[in-house]
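Quick caveat, the model's predicted, so the values are computed rather than measured.
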Amino acid sequence: PAASEVGGQHAAFDWLAQWYPVAWERDLPIDAPTKVTLFDTDYVVVRRSTGEAPLCLEDRCPHRLAALSEGRLTADGDIQCAYHGWVFDGRTGNCTHVPQLQGSAVGGRACVSAFPATVSQGLVWIHPGGAAAAEAAGPPPRQPEMDKPGFKVTPAVRDFPIDWPILMENIMDPDHGLFAHQASAFDLYSASRERPQEVRETVAGGTFAFTAAVDAVPKLGRQAATATDAAPLRATTTYTAPSHIHMARRDAKGETRFATAFWITPVGVGRSRFLSAAVGRTPFSIPRWLIHLNLLKFLDQDTYLLATQQKHLLAAEACAYEAGNATARRSAYVFRSPSEGLLLRLSRFFDESLRWVPNRARVLEAMGGAAIAFAATPSREFVLDRYSQHTAICPDSRGLVRNCQAISAAGAIGGAVALCLATARALQAGSFRAAVGASMLHILAAAAAATAALAARSIAAEFRFAHGTKRRDRDLR
């Protein structure tokens with residue numbers, strides 16, 4: 001059915017008329033084709049050493065349908081398929097060379113679709129609607145604090161086997177933070193009857209924006225503020241469709257000293273890429289690996305919960321499509337908390353617009369439709385695999401792991417050498433006291449090397465699967 005037949009103003013949202021972030025530029029290799037995915041469609045992007053805009057083509061060679069992301073960038077700046085050597089202009093998608101033709105005409109069917117790509121605020125964006133739609137859309141949305149002097153930006157990335165609307169809802173749900181994360185700071189964004197959440201929806205430039213604001217004071221527990229306590233700041237959460245979320249405690253002028261920004265890439269049904277940035281007015285930059293070390297643990301605390309809800313929600317969505325209605329989330333969820341005003345608005349937006357997401361209804365049908373609810377929930381090891389979801393796609397974390405492995409190996413060798421020297425000195429000594437004195441420095445060196453090796457192994461282990469049931473139970477105490 002057409003969008004107008006299902007009803008709701010959000011059904012008119014055009015998902016193909018938007019810019020989408022697919023990676024941090026710093027995480028992409030230079031002059032090397034890299035696969036990214038959007039709406040279950042693969043693209044190949046190339047970050048160029050010349051500083052020009054990235055290249056973006058559909059990741060499918062028209063010859064034998066092999067992935068162009070497995071190929072290479074030529075000296076002329078074109079993308080060459082690794083299978084049979086066909087060469088494509090990365091700006092237009094035109095086939096410029098077929099080695100087997102030796103100068104003969106290539107023909108029109110040999111081209112591949114090209115898409116606009118740009119870099120904005122350190123993120124690589126692509127526009128799946130094509131050049132005309134990209135020009136009409138204007139530039140990608142910006143996070144204001146990232147443009148202001150004095151603010152430091154620390155980016156993060158992780159892929160999830162979680163449906164991207166579910167991940168967005170989770171980010172904008174303050175109530176879960178007190179329980180899933182045991183973090184009291186979330187209470188500043190929650191609401192109560194005395195401190196209601198104000199939700200505003202705006203439409204501009206072909207997109208929708210939803211903003212929730214509430215007094216930034218504790219609402220629950222022993223530290224709860226009274227109704228008369230002053231609230232100098234407002235805890236504000238804004239979602240600008242299709243992918244940008246930002247949260248901050250702002251003063252009356254809308255200013256803040258720290259903001260958290262999120263860009264959730266709609267990789268496909270049941271898949272998402274989490275891009276985030278800690279944006280703060282701080283005197284120094286925090287090492288990226290240290291941010292990741294803490295963020296990975298934080299994300300693990302509730303991601304498996306999202307995996308358990310996912311099959312039920314996808315099945316409800318598939319049933320809604322089959323019935324021709326737009327109430328999947330509002331029928332499946334039970335909203336009661338004063339903090340859920342924004343989530344209720346988001347549910348309506350997703351209910352009315354997700355049907356028109358490219359490939360979504362078709363993929364849900366292929367997954368089994370309503371039968372998705374009976375599928376087994378994937379294992380914790382799969383859902384929370386930090387290595388494939390983060391370490392493998394983050395050069396900074398991969399470098400840290402390599403360094404930790406080197407330190408661990410050096411520590412083991414150094415410790416063994418120190419112990420051997422300590423033993424040799426002890427054997428040469430004439431008494432027990434003399435043996436201890438002669439070998440003490442080597443013993444201390446061996447202990448230091450063993451400690452360094454153990455610490456390095458422990459840090460490296462945090463960049464692989466680490467959040468098993470024991471950690472879960474410990475977090476829930």
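- In this structure, Glu381 places its CD atom where more than 12 heavy-atom neighbours from other residues, nucleotides or ligands lie under 6.0 Å away.
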Which donor-acceptor pairs under 3.5 Å do the side chains of residues 258-271 make with protein atoms, sequence neighbours left out?
{"from": "Thr265", "atom 1": "OG1", "to": "Pro21", "atom 2": "O", "distance (Å)": "2.5"}
{"from": "Arg271", "atom 1": "NH2", "to": "Asp40", "atom 2": "OD1", "distance (Å)": "2.9"}

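- Side-chain atoms of Asp42 do not come within 3.5 Å of backbone N or O of Thr37 as any donor-acceptor pair.
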Discussion item. If you apply the rule side-chain contact (heavy atoms from CB on, under 4.5 Å), what do you find for Gln309 with Ile166, and how did you get there?
Written reply: CA-CA 9 Å; Gln309 80 173 95; Ile166 294 177; 3.9 Å; yes
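- Within the cation-pi definition used here (under 6.0 Å to the ring centroid, within 45° of the axis), Arg158 does not qualify as a partner of Phe274.
- Here the shortest heavy-atom pairing between Thr469 and Arg380 reads CG2-CD, 3.8 Å.
- Judged by distance alone, with hydrogens and angles left aside, the side-chain atoms of Tyr304 form a donor-acceptor pair with the main-chain N or O of Pro378 at under 3.5 Å.
- The distance from the CH2 atom of Trp125 to the SG atom of Cys56 is 14.0 Å, given to the nearest 0.5 Å.
- Taking the six-membered ring where the residue is Trp, the centroids of His127 and Tyr20 are separated by 6.0 Å or more.
- Pairing each heavy atom of His312 with each of Ala373, the nearest pair is CE1-O, 4.2 Å.
- The two residues Arg195 and Asp215 make their nearest non-hydrogen contact at NH1-OD2, 2.8 Å.
- Residues Phe349 and Phe13 bring their aromatic ring centres within 6.0 Å.
- Formation of a donor-acceptor pair under 3.5 Å by the Asn294 side chain with backbone atoms of Leu290 is found in this model.
- The six-membered or imidazole ring of Phe186 lies near that of His176, with a centre-to-centre distance under 6.0 Å.
- With sequence neighbours excluded, the residues satisfying salt bridge (Lys or Arg N to Asp or Glu O under 4.0 Å) with Arg91 are Asp89.
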Practice prompt. Begin with the C-alpha distance, continue with both residues' side-chain angles, and end with the deciding distance and a verdict on salt bridge (charged side-chain N to carboxylate O under 4.0 Å, His left out) for Arg336 and Glu340.
Written response: CA-CA 7 Å; Arg336 290 292 184 271; Glu340 293 177 328; over 6 Å; no
Worksheet item: Is there a salt bridge (charged side-chain N to carboxylate O under 4.0 Å, His left out) between Glu198 and Arg234 once you walk through the steps?
Response: CA-CA 10 Å; Glu198 298 178 4; Arg234 296 279 282 175; 3.2 Å; yes
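- Crowding of Lys297 atom NZ: a count of heavy atoms from other residues, nucleotides or ligands under 6.0 Å not exceeding 12.
- Panel note: side chain Asp396, backbone Trp289; no donor-acceptor pair is recorded below 3.5 Å.
- Judged purely by atom type and a 3.5 angstrom limit, Ser272 uses its side chain to pair as donor or acceptor with the backbone of Ile162.
- Not counting sequence neighbours, the partners of Phe115 by the ring pair (Phe, Tyr, Trp, His ring centres under 6.0 Å) test are Tyr43.
- Closest heavy-atom contact between Ala191 and Pro196: CB-C, 4.2 Å.
- Residues Phe463 and His292 form a side-chain contact, since some pair of their non-hydrogen atoms from C-beta on lies under 4.5 Å apart.
- The number of heavy-atom neighbours closer than 6.0 Å to CD of Glu70, taken from other residues, nucleotides and ligands shown, is 12 or below.
- Residue Arg257 places its CZ atom among 12 or fewer non-hydrogen atoms of other residues, nucleotides or ligands, all under 6.0 Å distant.
- Under the 4.5 Å side-chain criterion, counting only non-hydrogen atoms from C-beta, Tyr239 is not in contact with His244.
- Proximity of a side-chain donor or acceptor of Arg47 to a complementary backbone N or O of Pro54 within less than 3.5 Å is not detected.
- Under the 3.5 Å distance criterion, the side-chain polar atoms of Lys219 are left unmatched by any main-chain donor or acceptor of Ser192.
- When atom types are taken as modelled, the side chain of Gln310 and the backbone of Asp163 share a donor-acceptor pair closer than 3.5 angstrom.
- There is no side-chain donor-acceptor pair under 3.5 Å between Thr327 and Asp351.
- With contacts defined as side-chain heavy-atom distances shorter than 4.5 Å, the pair Ser353/Val357 does not qualify.
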Practice prompt. Please lay out, stage by stage, how Ile126 and Val45 fare under the test side-chain contact (heavy atoms from CB on, under 4.5 Å).
Written response: CA-CA 9 Å; Ile126 66 175; Val45 297; 4.1 Å; yes
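- One N or O on the side chain of Gln197 and one on the backbone of Ser339 form a donor-acceptor pair closer than 3.5 Å.
- Looking only at side-chain heavy atoms (C-beta outward), Arg360 and Arg355 stay at 4.5 Å or farther from each other.
- Salt-bridge check for Glu25 with Arg48: failed, with every basic side-chain N at 4.0 Å or more from each acidic carboxylate O.
- Counting heavy atoms of neighbouring residues, nucleotides and ligands inside a 6.0 Å radius, atom CZ of Phe179 does not exceed 12 of them.
- Contact annotation: the side chain of Asp473 never approaches that of Lys470 to less than 4.5 Å [non-hydrogen atoms, C-beta and beyond].
- A donor-acceptor pair under 3.5 Å is absent between the side-chain atoms of Ser190 and the main chain of Pro174, judged by distance alone.
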Worksheet item: Hey, mind stepping through Leu123 and Trp24 against side-chain contact (heavy atoms from CB on, under 4.5 Å) and telling me if it holds?
Response: CA-CA 4 Å; Leu123 286 163; Trp24 288 106; 3.6 Å; yes
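- Between the side chains of Thr154 and Arg288, no donor-acceptor pair is found at a separation under 3.5 Å.
- Counting only heavy atoms from C-beta outward, the side chains of Trp164 and Leu354 approach each other to under 4.5 Å.
- Other residues, nucleotides and ligands contribute at most 12 non-hydrogen atoms within 6.0 Å of the NZ atom of Lys35.
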Worksheet item: How far apart are the C-alpha atoms of Arg60 and Glu58, what are their side-chain angles, what is the distance that settles it, and do they pass the salt bridge (charged side-chain N to carboxylate O under 4.0 Å, His left out) test?
Response: CA-CA 6 Å; Arg60 184 176 61 178; Glu58 184 179 3; 3.3 Å; yes
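- Residues Leu188 and Pro218 come closest through the heavy atom pair CD2-N, 3.7 Å.
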Discussion item. Checking Arg273 against Asp159 for the salt bridge (charged side-chain N to carboxylate O under 4.0 Å, His left out) test, could you report, in this order, the C-alpha distance in whole Å, the side-chain angles of both residues, the deciding distance, and whether it holds?
Written reply: CA-CA 4 Å; Arg273 169 161 286 185; Asp159 288 340; 2.7 Å; yes
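- Residues Arg330 and Arg348 meet the side-chain proximity criterion, which asks for heavy atoms closer than 4.5 Å.
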Worksheet item: Under the side-chain contact (heavy atoms from CB on, under 4.5 Å) criterion, do Val401 and Thr391 qualify, and how do the steps go?
Response: CA-CA 9 Å; Val401 170; Thr391 312; 4.1 Å; yes
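- Ionic pairing of Glu169 and Arg329 is present here: one or more N-O contacts between side-chain nitrogen and carboxylate oxygen are shorter than 4.0 angstrom.
- Annotation: the span from Phe298 atom CZ to Thr303 atom OG1 amounts to 9.5 Å, rounded to 0.5 Å.
- Shown here is Phe382, whose CZ atom has no more than 12 heavy atoms of other residues, nucleotides or ligands within 6.0 Å.
- Across all their heavy atoms, Arg250 and Glu145 have their closest contact at NH1-OE2, 2.8 Å.
- Residues Arg72 and Asp31 fail the side-chain proximity criterion, which asks for heavy atoms closer than 4.5 Å.
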